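Just so it is clear, the model here is predicted, and its values are computed rather than measured. To find a chain, count down the sequence lines: A is the first, B the second, and so on, and within it residues start at 1.
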Amino acid sequence: MKTDILKKFDWIIFIDVILITLIGLLFIYSAQLRTGNPMFFVIKQATALGIGIAAMLLVISIRYELYSEYTDYFFIFGLILLVAVLFLGTRIRGSKSWFDFGKFAFQPSEIVKIILVLYIAKYIEKNYHNMKKISRLLTPFFATVLYVALILAEPDFSSATVFIPIFLGMIYIGGVAKKTFNFAIIFFIVAVGLPFMEISLAINFAGTFFVKNFKFIYAVSILLISISIWFFAKFMHIKIDKTQYKIFFLVILLGLVSAITISGNLKEYQRKRIIVFLDPSLDPLGSGYNILQSRIAIGSGKITGRGLFQGTQTQLGFIPDQHTDYIFAVISEEGGVLVSILVVCMYVILIWRGILIARNAADKFGSLTAVGIVIMFSFYIILNLGMLTGIMPVAGVPLPFLSYGGSSLIVNFIAVGILINIHIRRFAY
Amino acid sequence: MWHGENLSHTVESFSARLNFLRFIIFIFIGLITFRIITLQIIKGDQYRKLSEENRIVIYPQPASRGIIYDKNLDVIVNNKPSFTVLFSRQTLTDTEVRDVITKVSKFLSIPAESFLERIKTISGKNFTLVKIAENISKNQAMRIAEKIPQLPGIVVRIEPVRVYKWGNIAAHITGYVREISLDELTRFSNMKSGDMIGKDGVEKEYDEVLRGIDGGSQVEVNARGIQKRILETVDAIDGNSIVLTIDKKVQNALAKNMQGRTGVAIAIDPNTGGVLGLYSSPSYDPNVFISKMQKWQINSFLESSRKPLLNRAMQCQYPPGSVYKMVTAFAGLEDGAVTAQTVVNCEGFIELGRYKQKFRCWARDGHGEFNIIGAMANSCDIFFYDVGLKLGPTKLNEWAEKFGFGKKTGIDLPSEEKGLIPDRAWKKNKLNQDWYDGDTVNMSIGQGYIWTTPMQIAQYVVAVANNGILFKPFVIKKIINIKGETVFENIPQIKDKLNIDITNYNIVKKGMIDAVSYGTGKNSRVYGLSIAGKTGTAQNPQGDNHAWFVCFAPSERPKVALVVFVEHGGSGSAVAAPIGGKILAEIFDKHAEILNIKEEIEATE
């Protein structure tokens, strides 16, 4: 059995993530050189790597089908963690999202992502043949909303964002009806549209009546549009399914409620990030400074880079948070396009293998779990690199395996463990 | 594979949707890859430059401007070390900048607005040092230096600042320096904000010679603007120094005797064309322009109705009046229209044209009979009308041009006017009128449409003094570099040799000597000095007559050619001639015979 496991073991994905982590360690060292104690974070990250590999092996050693039996309990466990952190957590940078155990700290929102993936995967597997029914979506939807709401309460806007693509991606792959999926998309567009539009209008027309009352105007106009769709259809003699329309209208209402909640709870710094994304020149020494400096760092690396430990942007401290969210700027500056594209390729291998594992899994639960994990990784990679290269808003998400961060690294290895587990047992039937 | 055993539509759906998901993900990754390649390869050079600008701050070390000496190496302009306050914005926010500037302005008791205005000119580069105040007192500098920890971005250091030792005595020769304007910055690519640039006089004309090359250090700073290491240091190369032809004694004599008047006095060495002294009155103190803080004083110069910034020697044009008569005399003698024996009877006026228009002599009742020498000594207009009419305007103008009128003298000082010699074509063109005999007679005594600058008159007097050698006037004797080596030596430039017959020359000279010894110029007499001079009282439509006196001395071997001009001063013999006498007395260490004769005004109708 043991040799069997080794034979079926997905070495490609394993070596891939180990290499990414090692590259990360090297550049965390470089990013910390100027502090005079570069090994401090490197040792912590290396320790997390050790724990991560151990956790991964532990995860692999148990047949993943076994997890599927306990997803409900995991889900409740996740809820307990998220509620507990609100009361017992330590406030770091304004959000109560950490359990502090002295020697090490742990962020429950990290592990909760995996729990949600497993929970949704199990739920869809159970209801696979009924997934076209809209009612089947309610449970995973509310499960997601519950987690997101608790994380927003910390408040940790950045960590909450990943749940939306996980939910959407999993129900999509899980065979939800196209119409239903469209409803979900409409919901999120309505919900996220308000804060974005509000801020972008505030940049150009601050203080006007229109901006001051934007929430109200937004809600009324969206409701009017949805109602007028009904009358327009009547007028054009297009048949509309009444139930479908009712659901559509309900989705719109839900979206508006969420939109107003999100907009009301946005922190000033989050608002600022969106502003800077929309127009970086507005604040060259504030939030825009980070974007500009990381872009200068990446660009100045040119083809072969400034050389390891030689990046002036890095070593002179022009890049903010250079060992965490902005680590890719350090890599690009010192390694040039050769290393930055290499890193992108290694991520492509990770995603590619993950999708292959999802395709070849032995059962629905395995497939869907793999999809959830792939979406999680992809989302972080795209959002982080997109932010650094200036095509996405500043979201403050880490880069998997590269950014410094123990909880995140360990959970990422657990996720890879689950992928490898699914891969090993693909012929289990 | 689990879906292999299921219904076919589910298989397709799962596979297709997974493909679509993968497609979406790789679209994004493709976009990011494209972006990375754009940033690093296509825009790489641009961002590399930005990163260099981020980390490298240039701390300029300004070069000292060259020193300006007089001909005997007496220092006219040099530099003194002065405390300067500089500011670099670093990563300060607008409010922090305002805060720092307000504090500094309190130490200096200067309104903060004037500083903020200067800082506004810095854009982008946050570590560039910008000068915000210079020439501050030692006490102020110490007080700021003590508080440096509370004043991020402020640097106090010593920089050379221009000192005009001769002050207003030589202001129109030296000119002055001022901080470069935004407009000039766009024109001179090698200059930077805060640099001083010559604005007038030698400072302007020889700006590049004097300026030198700034040095500086390239310093690597971190994101907080803290200096990490010095990458490169380039020493400043001080500007070259200039030795002028100006003679302190002469210059002082001019300044002393012109002060309080509006006008100009020019002394030139008739053997070279080198300017010994030039004083335009009223003058100004060039030191005022160095310090930003005396804006009101600068404004008072600019707004003053007496226009002290004008160099009246070259930037203003006046009718020459009777000092022009030597041109007519030489023209007549050389042409043969008159000789030493020609006698004209002055009845006080002549009548010209159909309407018998009267052209008067300044002596209303007439002088009686004069030959050319007597006519010059007494500045008789009738005699010169006669000469002018005999010659005609073309011949008169020919000689005007020979003496350099109507063209810039080419002196090495900025903004020279060229004057005007009117002729038939000019009058037709400008005024649409024909040329009349009346114009000719006016021309022959330096009136009418003729315009000259005092410098042109000086150039002409030099040529008269040395029998027809037209030198180009100049103020720079030589340029010496910081090692003291002469890198350029000016040699006198002869523009033209008029080849005047020595007999004719002596006739004119005799007329001028007589003018001083018993004629209209006798107020300029100096004990023991033989002076050849000529007065002029120029009518002008702007107001009172201009007083002129031109001369050279000693008359036998001229060492100095002098022009004294008093704007709207009245009569040449009563106002300008005594000034000329006093100046010459001082130059030659003699005493002027103070006659103080109020001659009747010599002027023409």
Handout entry: Derivation of the side chain to side chain donor-acceptor pair (under 3.5 Å) call for Arg359(A) and Ser15(B)
Key = CA-CA 7 Å; Arg359(A) 200 185 293 282; Ser15(B) 220; 3.0 Å; yes
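Residue Ile296(A) touches chain B through both its backbone and its side chain, counting heavy-atom pairs closer than 4.5 Å. Heavy-atom distances place no part of Ile319(A) under 4.5 Å from chain B, backbone and side chain included. Using a 4.5 Å cut-off between heavy atoms, Val337(A) contacts chain B through both its backbone and its side chain. Using a 4.5 Å cut-off between heavy atoms, Gln46(B) makes no contact with chain A at all. For Val343(A), no part lies near chain B; criterion is any non-hydrogen pair under 4.5 Å. Of the two parts of Phe328(A), only the side chain, counted from C-beta on, holds a non-hydrogen atom closer than 4.5 Å to a non-hydrogen atom of chain B.
Interface check for chain A: of the options Ile25(B), Leu50(B), Ile42(B), the most heavy-atom pairs under 4.5 Å are formed by Ile25(B). Of the residues considered (Ile37(B), Thr33(B), Asp45(B)), Asp45(B) shows the highest number of contacts with chain A, using heavy-atom pairs under 4.5 Å. Considering only heavy-atom pairs separated by less than 4.5 Å from chain A, the leading option among Ile24(B), Ile36(B), Leu31(B) is Ile36(B). For the set Ser340(A), Cys345(A), Gly174(A), Gly354(A), the count of heavy-atom pairs under 4.5 angstrom toward chain B peaks at Ser340(A).
Using modelled atom types and a 3.5 Å distance limit, the side chains of Gln315(A) and Glu334(A) yield a donor-acceptor pair.
Remark: Glu125(A) does not engage Arg136(A) in a salt bridge, criterion side-chain N to carboxylate O under 4.0 Å. Under the 4.0 Å criterion applied to side-chain N and carboxylate O atoms, Arg48(B) and Glu52(B) are not assigned as salt-bridge partners. Ionic pairing of Asp16(A) and Arg353(A) is not present here: no N-O contact between side-chain nitrogen and carboxylate oxygen is shorter than 4.0 angstrom.
Relative ring orientation between Phe365(A) and Tyr64(A) is described as parallel, the plane-to-plane angle staying below 30° on a 0-90° scale split at 30° and 60°.
Because its NZ or CZ atom is both nearer than 6.0 Å to the ring centre of Tyr172(A) and within 45° of the ring axis, Arg17(B) counts as a cation-pi partner of that residue.
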